[in-house]
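Reading through the structure tokens given below for one structure.
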Number of protein chains: 2
Amino acid sequence: MPAPPAKTPEKKRSRIQIRNRRKIMDAALDVFSQHGFRGATLDQIAEAAGMSKPNLIYYFDGKEAIHVALLNALMTEWLDPLREMDASGDPLEEILGYVRRKMEMSRQFPRESRLFAIEIIQGAPRMLPHLESDLKPLFDEKCALIAGWMDAGKLALQDPQQLIMSIWALTQHFADFDTQVRVLVPDEVAGWDAANAHVETIFRAILTPTG
Amino acid sequence: MPAPPAKTPEKKRSRIQIRNRRKIMDAALDVFSQHGFRGATLDQIAEAAGMSKPNLIYYFDGKEAIHVALLNALMTEWLDPLREMDASGDPLEEILGYVRRKMEMSRQFPRESRLFAIEIIQGAPRMLPHLESDLKPLFDEKCALIAGWMDAGKLALQDPQQLIMSIWALTQHFADFDTQVRVLVPDEVAGWDAANAHVETIFRAILTPTG
DNA sequence: CGTGTTTTTTACCATTTGGTAAAGCCACGA
DNA sequence: TCGTGGCTTTACCAAATGGTAAAAAACACG
């Protein structure tokens with residue numbers, strides 16, 4: 001009896017397994033980010049991945065396993081821009097740098113942004129643990145860092161929690177609500193430039209210390 | 001053969017029809033805003049509405065008809081806060097008033113906010129026409145109004161399109177990403193107050209004319 | 001080449017889901 | 001009292017969906 005590849009005792013993965021798992025996860029990202037978990041079907045994912053449905057199940061334990069694998073893989077890199085915010089840099093530039101990285105991610109990885117957005121909007125049924133264990137500590141850490149900067153007079157006083165969340169709200173909006181944005185601001189290139197400038201203006205305005 | 005109530009030649013609706021259609025739409029709002037269109041099932045809606053599935057179909061032509069009816073009904077009132085922004089008022093107060101009304105809607109009608117959010121994120125398959133026909137004209141009109149205020153020196157110069165979209169991004173974030181917000185800022189009441197204050201700070205900061 | 005293992009396909013299956021047919025119920029006016 | 005017409009339920013159905021069994025094909029490697 002050939003042991004299925006993705007079992008609890010993890011074995012080395014062959015080249016084929018690595019390649020096919022990648023293809024599946026990419027296809028699943030397409031489908032899940034467009035329909036959410038319940039709205040997505042294995043057939044859709046299989047077709048997008050260019051393989052048969054039973055073949056999906058050969059590489060992943062089921063629909064839920066694919067979704068979880070996706071969320072796990074993405075959670076890490078999704079938080080990287082925030083991790084990079086460093087205590088040793090110039091406060092205003094650190095925050096603006098974070099804003100820029102986040103905007104860049106929205107433009108380059110809109111599917112990932114939407115996947116998270118849908119998951120959260122639907123109550124994060126498969127991600128709440130990650131929010132508590134990964135996001136929350138990082139969030140608290142960076143809030144403390146920002147609070148420290150503010151105490152030192154390097155930034156205007158703001159609620160750090162609200163500050164970070166407003167960065168998320170603004171930067172993710174352009175990925176998540178892309179359809180709407182494109183209706184209202186048809187010129188995509190100009191829209192992005194304007195968005196970048198606008199968001200930067202906002203955070204410069206509320207963070208520049210008033211001397 | 002008793003003619004189904006909701007046909008092309010619209011007839012008067014009885015008290016029972018009005019009551020039951022309301023119940024169905026309220027239940028559908030619950031379910032659709034939590035699972036999206038494809039992820040929602042008629043059985044879920046029927047149970048939430050406290051009636052049998054065939055009874056749903058008696059009042060609406062099908063799943064899609066319920067969803068469309070919901071979106072139609074909501075689109076109107078959802079744009080009301082923006083419509084109220086008036087040329088004759090004080091510019092800064094008009095915009096801040098809009099921001100406050102939008103925040104209030106996010107708090108009072110999170111389901112509606114999520115329903116729209118999911119629909120847009122998924123590419124607005126059933127709402128694109130409305131975006132073009134309802135939202136776009138209003139958006140353009142209010143952009144022109146704001147641009148006029150800025151030209152007159154009553155507001156700091158900003159891109160009006162980006163300004164309105166950033167209002168949406170910030171105000172809707174608290175409804176749509178409620179699950180995440182609650183993980184990071186457990187005290188709901190305090191969080192809400194802080195959010196209101198923060199959002200107001202932002203728009204005051206970037207709109208107050210620098211005289 | 002031959003043999004054991006990994007990968008893929010074909011043929012299914014049970015459940016769920018959107019929807020229908022038709023019979024039953026119930027209020028109300030003649 | 002009996003219809004009559006709006007409302008509701010029961011009993012279904014065909015298609016879609018997540019998943020399985022097992023044979024077939026492709027592969028690795030001595």
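Naming: A, B, ... by sequence-line order, numbering from 1 per chain. Being a predicted model, the structure only gives us computed values, none of them experimental.
- At D/dT9, one or more side-chain N or O atoms of B/N55 fall inside 4.0 Å of OP1 or OP2 (strictly under the cut-off).
- When the P atom of D/dA26 is taken as reference, atom CE of A/M51 falls 16 Å away, rounded to whole Å.
- No donor-acceptor pair closer than 3.5 Å links the side chain of A/E77 to the backbone N or O of A/L74.
- C/dT17 atom C1' lies 17 Å from atom NE2 of A/H35, rounded to whole Å.
- Using a 4.0 Å heavy-atom cutoff across all strands shown, B/S52 reaches at least one base atom of the nucleic acid.
- For A/K63 against D/dG19, no side-chain N or O and base N or O form a donor-acceptor pair under 3.5 Å.
- Atoms CG (A/L56) and P (C/dT7) sit 15 Å apart, rounded to a whole Å.
- For C/dT20, the OP1/OP2 oxygens have no side-chain nitrogen or oxygen of B/Y58 closer than 4.0 Å.
- If you take CD1 of A/I24 and C1' of C/dT8, they are 12 Å apart, rounded to a whole angstrom.
- Here C/dT16 presents its P atom at 14 Å from CD of B/E47, a figure rounded to the nearest Å.
- Phosphate proximity of D/dG6 to B/Q17: absent, as no side-chain N or O sits under 4.0 Å from OP1 or OP2.
- The 5' end of DNA chain D is approached more closely, in terms of each residue's nearest nucleotide, by B/N20 than by the other of B/N20 and B/K53.
- Across all strands shown, A/A40 has heavy atoms under 4.0 Å from sugar-phosphate atoms exclusively, and none from any base.
- For the pair B/T179 and A/G123, the tightest heavy-atom approach, listed with the atom from each and the gap, is OG1-CA, 3.4 Å.
- Rounded to whole angstrom, the span from the CG atom of B/D61 across to the P atom of C/dG18 amounts to 16 Å.
- A side chain to side chain contact (heavy atoms under 4.5 Å, CB included) with B/L56 holds for exactly one of B/D43, B/I24, B/N20; it is B/I24.
- Closest approach of A/S106 to A/Q172, counting heavy atoms only: OG-CA, 3.7 Å.
- B/R38 has a side-chain polar atom (N or O) that falls below the 4.0 Å cut-off from OP1 or OP2 of D/dT17.
- Per the geometry, CZ belonging to A/F37 stands 8 Å off P belonging to D/dG18, to the nearest Å.
- Of all nucleotides listed (C/dT20, C/dT7, D/dT20), C/dT20 comes nearest to the side chain of B/P54.
- By the salt bridge (Lys or Arg N to Asp or Glu O under 4.0 Å) test, B/D86 is found to be paired with no residue, residues two or more places apart in sequence or in another chain being considered.
- Distance B/I18 CD1 to D/dC7 C1': 15 Å, rounded to the nearest Å.
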